[in-house]
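Note that this is a predicted model, so its numbers are computed, not measured. Numbering of residues begins at 1 and proceeds along the displayed sequence.
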Amino acid sequence: APVTALRGYSREMTGYTRGRGRITWDQCGDAPCHTTQDVTYAIGYDADGDTENTGDSVFCSHGAGVLVKWDQVYNHMHIASALERDARIERGASLDDGVGADTPEALADAYRRTVAADKALMAIFERTYGTIKRDPIKAMRPIKKRQESGDAPRKRAKPVPDGPEYVLVDGYNVIFSWEELNKLAQGDMETARRRLMDILCNYAGYRRCVLIIVFDAYRVEGGERRIEQYHNIHVVYTKEAETADMYIEKTTHEIAKRYRTRVVTSDTTEQIIILGNGAMRVSSEAFREEVGAVEEEIRGILRGY
């Protein structure tokens with residue numbers, strides 16, 4: 001979908017799904033404008049007056065370059081337009097018109113599209129983790145042979161931070177992912193929240209971790225961020241215009257450098273950002289299995305008494 005048509009849609013979708021909807025964006029590249037005439041009219045664009053970005057073409061005639069105006073190009077072309085050929089390939093043109101899927105032109109075009117897709121993925125990666133710097137001279141240097149004695153220097157693994165483990169939980173993401181809590185939420189959201197908090201109190205006490213559960217409250221007008229202590233866990237209600245994802249991203253960026261940090265969420269985009277901050281990610285489903293295993297261990301200890 002065009003970017004201009006999606007402005008404000010995330011907030012709109014959150015509204016009609018009552019906060020349960022999640023949407024992620026992924027850039028697929030550039031495409032022709034779907035309302036070209038409206039856009040050019042709105043900005044007052046004049047193709048003839050745009051001398052710095054001219055739409056005219058240069059044709060070869062009798063060994064010399066000839067300038068052809070943009071609206072006269074089709075009258076001077078003696079071969080089919082490459083743009084039209086690409087469009088036919090995209091539509092899956094048959095072999096009858098000479099542009100089949102097995103022709104050299106189609107195969108070459110498929111390769112070009114693959115390269116373009118790789119560039120788009122690399123752009124997304126660099127926006128998340130930063131620009132990749134390469135040394136063009138290093139590629140020409142010979143590779144040093146490793147010592148056969150086995151005493152070649154090795155990079156040391158990054159030491160595990162000292163101190164307690166921090167676990168950040170996207171509260172509503174977990175509630176709607178766990179079947180038991182989802183059923184409770186259909187009747188009363190407050191009951192589902194309390195049930196999740198009780199479960200996590202047992203988990204945090206057994207694992208001896210610092211557990212922070214975050215609930216979205218960004219739709220509460222004039223709402224301020226609230227942090228409450230519920231038994232042995234911390235409960236955070238975000239402020240107006242602040243989602244749980246935003247709070248978790250900022251918090252992991254601050255504490256993951258000093259403490260072992262895990263984040264429980266099934267949001268794909270959030271998981272990528274978490275890795276970039278140095279924290280470990282756990283899906284809501286995997287965390288449910290982990291919590292269940294802890295509950296079984298607690299029951300086993302109680303049965304032993």
Side-chain angles (χ1 to χ4, degrees), residues 10-11 13-15 17-24 161 163-178 180-182 184-185 188-288 290-291 294-295:
S10 180
R11 184 179 295 275
M13 189 199 68
T14 303
T17 60
R18 298 181 180 179
R20 302 178 184 177
R22 287 289 189 274
I23 187 167
T24 58
E165 179 186 52
Y166 278 73
V167 179
L168 285 85
V169 179
D170 187 338
Y172 289 129
N173 188 285
V174 171
I175 287 177
F176 295 121
S177 297
W178 294 7
E180 170 195 355
L181 299 178
N182 194 6
L184 290 176
D188 184 15
M189 180 59 71
E190 180 62 24
T191 302
R193 279 199 297 263
R194 290 291 176 179
R195 175 57 182 158
L196 174 61
M197 291 158 61
D198 290 335
I199 293 174
L200 296 183
C201 282
N202 293 336
Y203 173 84
Y206 185 83
R207 289 291 303 271
R208 299 181 181 275
C209 62
V210 179
L211 194 141
I212 304 172
I213 180 171
V214 185
F215 291 109
D216 274 322
Y218 70 97
R219 296 189 64 194
V220 179
E221 295 184 3
E224 298 292 335
R225 181 188 300 155
R226 293 188 295 117
I227 301 178
E228 301 176 355
Q229 186 76 24
Y230 184 78
H231 301 309
N232 59 331
I233 65 175
H234 305 279
V235 183
V236 178
Y237 296 92
T238 62
K239 61 184 179 181
E240 181 185 4
E242 181 186 41
T243 64
D245 296 342
M246 295 167 60
Y247 179 86
I248 291 174
E249 290 171 19
K250 181 173 63 176
T251 305
T252 53
H253 181 74
E254 295 175 355
I255 67 176
K257 299 176 182 178
R258 295 175 293 165
Y259 303 100
R260 291 171 295 175
T261 307
R262 296 197 302 159
V263 176
V264 179
T265 180
S266 293
D267 190 304
T268 306
T269 305
E270 183 70 14
Q271 290 178 347
I272 295 175
I273 297 174
I274 289 165
L275 288 175
N277 289 339
M280 298 175 59
R281 75 197 191 286
V282 182
S283 68
S284 299
E285 293 75 14
F287 187 63
R288 181 68 188 109
E290 183 179 336
V291 171
V294 168
E295 291 176 343

Quick one: closest heavy-atom pair of [X] and [Y], and the distance?
{"X": "Asn232", "Y": "Cys201", "answer": "ND2-O, 3.1 Å"}
{"X": "Ala192", "Y": "Leu181", "answer": "CB-O, 3.7 Å"}
{"X": "Leu196", "Y": "Gly171", "answer": "CD2-O, 3.8 Å"}
{"X": "Met13", "Y": "Gly21", "answer": "CE-C, 3.5 Å"}

[X]: salt bridge (charged side-chain N to carboxylate O under 4.0 Å, His left out) partners, not counting sequence neighbours:
{"X": "Glu228", "value": "Arg226"}
{"X": "Glu285", "value": "none"}
{"X": "Arg288", "value": "Glu180"}

Nearest-0.5 Å distance that lies between atom [atom1] in [X] and atom [atom2] in [Y]:
{"X": "Lys239", "Y": "Asp216", "atom1": "NZ", "atom2": "CG", "answer": "13.5 Å"}
{"X": "Ile255", "Y": "Thr261", "atom1": "CD1", "atom2": "OG1", "answer": "4.0 Å"}
{"X": "Glu249", "Y": "Met246", "atom1": "CD", "atom2": "CE", "answer": "8.0 Å"}
{"X": "Ile227", "Y": "Glu224", "atom1": "CD1", "atom2": "CD", "answer": "12.0 Å"}
{"X": "Tyr166", "Y": "Thr251", "atom1": "OH", "atom2": "OG1", "answer": "11.0 Å"}

Are [X] and [Y] side-chain neighbours, meaning at least one heavy-atom pair lies under 4.5 Å?
{"X": "Tyr259", "Y": "Pro164", "answer": "yes"}
{"X": "Arg195", "Y": "Ile175", "answer": "no"}
{"X": "Val282", "Y": "Val263", "answer": "no"}
{"X": "Leu168", "Y": "Val264", "answer": "no"}
{"X": "Val236", "Y": "Phe215", "answer": "no"}
{"X": "Thr238", "Y": "Val214", "answer": "yes"}

Subject >> Lys/Arg-Asp/Glu bridge criterion (N-O < 4.0 Å) met for Glu190, Arg193 >> reply: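 Counted as a salt bridge, because a side-chain N and a carboxylate O are separated by less than 4.0 Å.
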Original post:
Is it true that Lys250 and Glu254 make a salt bridge, defined as a side-chain N closer than 4.0 Å to a carboxylate O?
Top reply: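 No salt bridge links Lys250 with Glu254.
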Subject >> Candidate pair Ile199 and Val291, rule side chain to side chain contact (heavy atoms under 4.5 Å, CB included), full reasoning >> reply: CA-CA 8 Å; Ile199 293 174; Val291 171; 3.5 Å; yes
Please name all residues satisfying side chain to side chain contact (heavy atoms under 4.5 Å, CB included) with [X], sequence neighbours left out, ordered by chain then number.
{"X": "Asp198", "answer": "Tyr230"}
{"X": "His234", "answer": "Val210, Ile212, Gln229"}
{"X": "Asn202", "answer": "Ile298"}

Original post:
Who pairs with Tyr203 by ring pair (Phe, Tyr, Trp, His ring centres under 6.0 Å), at least two apart in sequence or on another chain?
Top reply: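 Tyr203: ring pair (Phe, Tyr, Trp, His ring centres under 6.0 Å) contacts with Phe287.
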**OP:** With sequence neighbours left out, write down each residue that passes ring pair (Phe, Tyr, Trp, His ring centres under 6.0 Å) with Tyr247, or none if nothing qualifies.
**Re:**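 Tyr247 satisfies ring pair (Phe, Tyr, Trp, His ring centres under 6.0 Å) with no residue once adjacent residues are dropped.
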Subject >> Set of residues satisfying side-chain hydrogen bond (donor to acceptor under 3.5 Å, both in side chains) with respect to Thr17, sequence neighbours excluded >> reply: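 Scan of Thr17 (side-chain hydrogen bond (donor to acceptor under 3.5 Å, both in side chains), adjacent residues dropped) gives none.
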**OP:** Could you check Arg262 against Glu290 for salt bridge (charged side-chain N to carboxylate O under 4.0 Å, His left out), going step by step and ending with a plain yes or no?
**Re:** CA-CA 13 Å; Arg262 296 197 302 159; Glu290 183 179 336; 2.7 Å; yes
**OP:** For Ser284 and Asn173, test the side chains for any donor-to-acceptor distance below 3.5 angstrom and give the result as yes or no.
**Re:**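 Judged by distance alone, the side chains do pair up.
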